[in-house]
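Accompanying notes for the structure given below.
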Amino acid sequence: MSFLYTAKIYFDKGEVAHESGNDMDELYNWMLMKTQGAFGNFHGEIVDNKTKKVVKAFRKAPPD
């Protein structure tokens, strides 16, 4: 089965997790939950698998 979206989480420049699904909001929540309580320069994106374009992204920077 082919999914509509793929979400990826990165720490600095390396990918640390990915998940695929058909619900963009569910994938966005998954990304936020995976990085909750973690410290560091995390960022993530959700890509539309058909167009290969980023449709949603987030960045979590460490506190100063």
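All residue numbers refer to positions in the sequence shown, counting from 1.
Tested against Ile46, the residues Val54, Val55, Leu4 include a single side-chain contact (heavy atoms from CB on, under 4.5 Å) partner, Val55.
Within the 4.5 Å cutoff, the side chain of Met24 has heavy atoms near those of the Lys56 side chain. In this structure, Phe58 and Glu45 have side chains that are not in contact, with every pair of non-hydrogen atoms separated by 4.5 Å or more. A heavy-atom distance below 4.5 Å is not found between the side chains of Ile9 and Glu19.
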In a table with atom names and distances, give each donor-acceptor pair under 3.5 Å that connects a side chain of residues 27-36 to protein atoms at least two apart or in another chain.
from  : atom 1 : to    : atom 2 : distance (Å)
Asn29 : ND2    : Asp25 : O      : 3.4
Thr35 : OG1    : Met31 : O      : 3.3
Thr35 : OG1    : Leu32 : O      : 3.3

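Summarising the geometry of Ser2 relative to Asn22, their closest heavy-atom pair is O-OD1, 4.2 Å, with the distance given to 0.1 Å.
Put simply, OH on Tyr10 and NE2 on His18 are 10.0 Å apart, with the number rounded to the nearest 0.5 Å.
A side-chain donor-acceptor contact under 3.5 Å links Asn49 to the backbone of Phe3.
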